[in-house]
Amino acid sequence: MRASRFLIATHKETPADAEVISHQLMLRAGLIRKLASGLYNWLPMGLRVLRKVETIVREEMDRSGAQELLMPVVQPAELWNESGRWQEYGGELLRIKDRHERDFCLGPTHEEVITDLIRNELKSYKQLPANFYQIQTKFRDERRPRFGVMRAREFLMKDAYSFHIDQESLDETYRLMHDTYMRIFERLGLDFRPVQADSGSIGGSSSHEFHVLAESGEDDIAFSTQSSYAANIEMAECITPTAPREPANAELKEVRTPDQKTIDEVAKFLALTPQNCLKTLIVEGDLGEAEKPPLIALVLRGDHSLNEIKAEKIDGVASPLRMADEAEIKAVLGASTGSLGPVGLGIRCIVDRSAAQSSNFACGANKDDMHYLNVNWARDEELREIEDLRNIEAGDPSPDGQGEIVIKRGIEVGHIFKLGTKYSEQMNASVLNANGKASIMEMGCYGIGVSRIVASAIEQNNDENGIIWPSAIAPFQIALIPLNMHKSEVVAEQAETLYRTLSDLGIDVFLDDRNERPGFKFADMELIGIPHRIVISDRGLKNGTLEYKGRNDAESQDISVDDALDVIKTKLNRA
RNA sequence: CGGGAUGUAGCGCAGCUUGGUAGCGCACCUGCAUGGGGUGCAGGUGGUCGGAGGUUCAAAUCCUCUCAUCCCGACCA
């Protein structure tokens, strides 16, 4: 490609409304332009990268035996009513009407459509297992789109859905997809980790996420220092402390704590550490038959934070989790938040594993402005229910018993689920089994955020001059920069010759034939992040040399014109 | 959806307090020079100041409403 015939939409200045580095660089390098909040145009340079990611994903999916198909973006409401998600899905589902006033939505995902399609097409267990995928635009009406294409409303996703006669077959395909994802992200050249994950509202049992590690990531991932254990913090189990509880050796006391509400205030006032205080959070329970939801107390150590996902999974606790109303708490418990504690509380009380291990601790006395000191389980209050309620923290023991936890930020770029029969049962997707009986299919679901990968690759690979593409997804492999070619015939001739040679070899080569100053061209090519660069100049040609520099190299090197092709092939791993 | 902020040329910004002919840098166009790190000089194109209403002789500037965008949080995966 010639620069003179290609839209190079670079900017020197950083747009004011871009926060993270990948968003800034994608705008500055001229890869994307915003159309509206969460909606982006992909310019020619950006689209080349997107297509490269797409190609790798497609090749590896095909290699795994999955079949590509394509489903519509617009989907009829009937299917979503059938699965129940027309009601369940929140504002993210963009609902629209056609000219006949019939309800449709823009697909945020395609479980309903694929399940409908497959229940009509597959009749026999002999056709299973089968895995179908598409690379298609998704639309989720995010409340707050941000970080450019990282969290856009419209985005490109590879989604795959597998169908099975039994769980064993599903397990097998799940493992195959896990391996396939490992290959994909390795080929993309990203620093990534597979992590155990919560399966969220899509439902189902087992689930892994694939995260690109980056400071700007929106997820916290817990890693073990000594094993391969990695889990989303939402999911990472906090194991019961092994050390025995300290003996109850101090006398229970009630003390006045006027206006001390938060754990920090109370701890400071009582000259204790937050670790020695227990906090009591009141949440709503399931409504059941009652008119008002019952209240449930969750007790944690003062220095720990509640994991809402864990809490709402407990039987009887409302899901999604709702904190109880302040007035309701006062009415039922006779004290305000800030003075609550498990002793004699009189409602269901679920205690975190670590909090259950505390002794001689402080907590609210269930009278305003009063706290207990030296409280001990069993002696002062029965310990009835112990659960894992808190977020894991750096320094905690790893749940697999090996090493300690460290926390890093990650960008979720892939997610694999076992859906089980959640959709197939609801939508009656069955095939005949070996006994000639209808059998509901097991399903799996496997997503990759294609456009998000582009942003995450930049988050991981950039410097003060711009993007540094992993070779596999660079828009062009090599840039030829002739200096003063509009005046020097030898430079022009050499540049054209090399350009033709490399093009004929099928290499993505970019010839910067613009009539611009050298510094201008260097800066542009570095901003865009092309991995390799050849400078062709009068100065070099006089000595029979060209100049090579890798995007990551500190120094350039002279290479003889005669060797140039071999050197380039070697650098591009095409020897 | 709650809290905060911002809308002036393609981009980055000043002007608003104290109302009086809309400015700067970059980019873009023309010419000349220059030709190894966003080059120099000269000349030029481009804005109903987000929108609507109001106050006023006069509104980018003051008032009201509205729309959009961004940040923090919640939500989602």
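Here is how names work: the chains are called A, B, and so on, in the same order as the sequence lines, proteins then strands, and each is numbered from 1. Computation of the quantities below employed the complete heavy-atom set of this structure, encompassing side-chain atoms and omitting hydrogens, waters and symmetry-equivalent molecules.
- Using a 4.0 Å heavy-atom criterion, one finds that A:Glu547 contacts the bases of the nucleic acid, with or without backbone contacts as well.
- A distance of about 44 Å separates the C1' atoms of B:rA42 and B:rU56, rounded to the whole Å.
- Base pairing analysis places B:rA14 opposite nothing; no Watson-Crick or G-U wobble pair with both distances below 3.5 Å involves it.
- Annotation: ring pair (Phe, Tyr, Trp, His ring centres under 6.0 Å) contacts of A:Phe510 (sequence neighbours excluded): A:Phe6, A:Phe476.
- Salt bridge present: A:Asp191 and A:Arg193 bring a charged side-chain N and a carboxylate O closer than 4.0 Å.
- Atom name P, nucleotides B:rG10 and B:rG4: the rounded distance is 31 Å, in whole Å.
- In this entry B:rA74 has no Watson-Crick or G-U wobble partner, no candidate having both defining distances under 3.5 Å.
- Heavy atoms from other residues, nucleotides or ligands lying under 6.0 Å from CD of A:Glu215 number 12 at most.
- Using Watson-Crick or G-U wobble geometry with both donor-acceptor distances under 3.5 Å, B:rG43 finds its partner in B:rC29.
- A:His208 has its ring centre no less than 6.0 Å from the ring centre of A:Phe210.
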What nitrogen or oxygen pairs link the protein and nucleotides 12-16 of chain B at under 3.5 Å?
unit_1 : atom_1 : unit_2  : atom_2 : d
B:rG12 : OP1    : A:Ala16 : N      : 2.9

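- A cation-pi arrangement is absent between A:Arg33 and A:Tyr40 under the rule of less than 6.0 angstrom and at most 45 degrees off the ring axis.
- Within the nucleic acid shown, A:Arg322 has no heavy atom closer than 4.0 Å to any nucleic acid atom.
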Dump the pairs, protein N or O against N or O of nucleotides 39-47 of chain B, anything under 3.5 Å, distances to one decimal.
none

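- Across all strands shown, B:rU56 remains unpaired; no Watson-Crick or G-U wobble contact has both distances below 3.5 Å.
- For the pair A:Asn484 and A:Leu321, both in contact range of RNA chain B, the more 5′-proximal nearest nucleotide belongs to A:Asn484.
- As rounded to the nearest Å, B:rG40 and B:rG47 have C1' atoms that lie 29 Å from one another.
- No contact: A:Asp141 has no heavy atom under 4.0 Å from any strand.
- The gap from the C1' atom of B:rC32 to that of B:rG15 amounts to 35 Å, rounded to the nearest Å.
- In this structure, A:Lys138 fails the cation-pi test against A:Phe155, since its NZ or CZ atom is not both closer than 6.0 Å to the six-membered ring centre and inside 45 degrees of the ring normal.
- In this structure A:His486 satisfies the ring pair (Phe, Tyr, Trp, His ring centres under 6.0 Å) test with no other residue, sequence neighbours excluded.
- Remark: A:Glu312 CD is packed, more than 12 non-hydrogen atoms of other residues, nucleotides or ligands lying under 6.0 Å away.
- Across all strands shown, A:Glu308 has heavy atoms under 4.0 Å from sugar-phosphate atoms exclusively, and none from any base.
- Residue A:Ser37 is classed as a sugar-phosphate contact, given heavy-atom separations below 4.0 Å to backbone atoms only.
- Rounded to a whole angstrom, the distance from the P atom of B:rA14 to that of B:rC29 is 28 Å.
- Across all strands shown, B:rG51 is found opposite B:rC65 as a Watson-Crick or G-U wobble partner, with both distances under 3.5 Å.
- Legend: salt bridge (charged side-chain N to carboxylate O under 4.0 Å, His left out) pairs involving residues 4-18 of chain A, not counting sequence neighbours, sorted by first then second residue: A:Asp17-A:Lys34.
- Distance check on atom C1': B:rG25 versus B:rA9 gives 12 Å, rounded to whole Å.
- Nucleotides B:rA59 and B:rG44 are separated by 30 Å at their P atoms, to the nearest Å.
- In this structure, the ring pair (Phe, Tyr, Trp, His ring centres under 6.0 Å) partners of A:Trp80, at least two apart in sequence or on a different chain, are A:Tyr89.
- Distance noted for atom P between B:rA52 and B:rU6: 22 Å (whole Å).
- Residue contacts for A:Lys521: at a heavy-atom cut-off of 4.0 Å it reaches no nucleic acid atom on any strand shown.
- More than 12 heavy atoms of other residues, nucleotides or ligands shown are found within 6.0 angstrom of NZ on A:Lys97.
- At a cut-off of 3.5 angstrom, the base of B:rG38 holds no donor-acceptor pair with the side chain of A:Glu516.
- Contacts of A:Arg151 with the nucleic acid, taken as non-hydrogen atoms under 4.0 Å apart, include base atoms.
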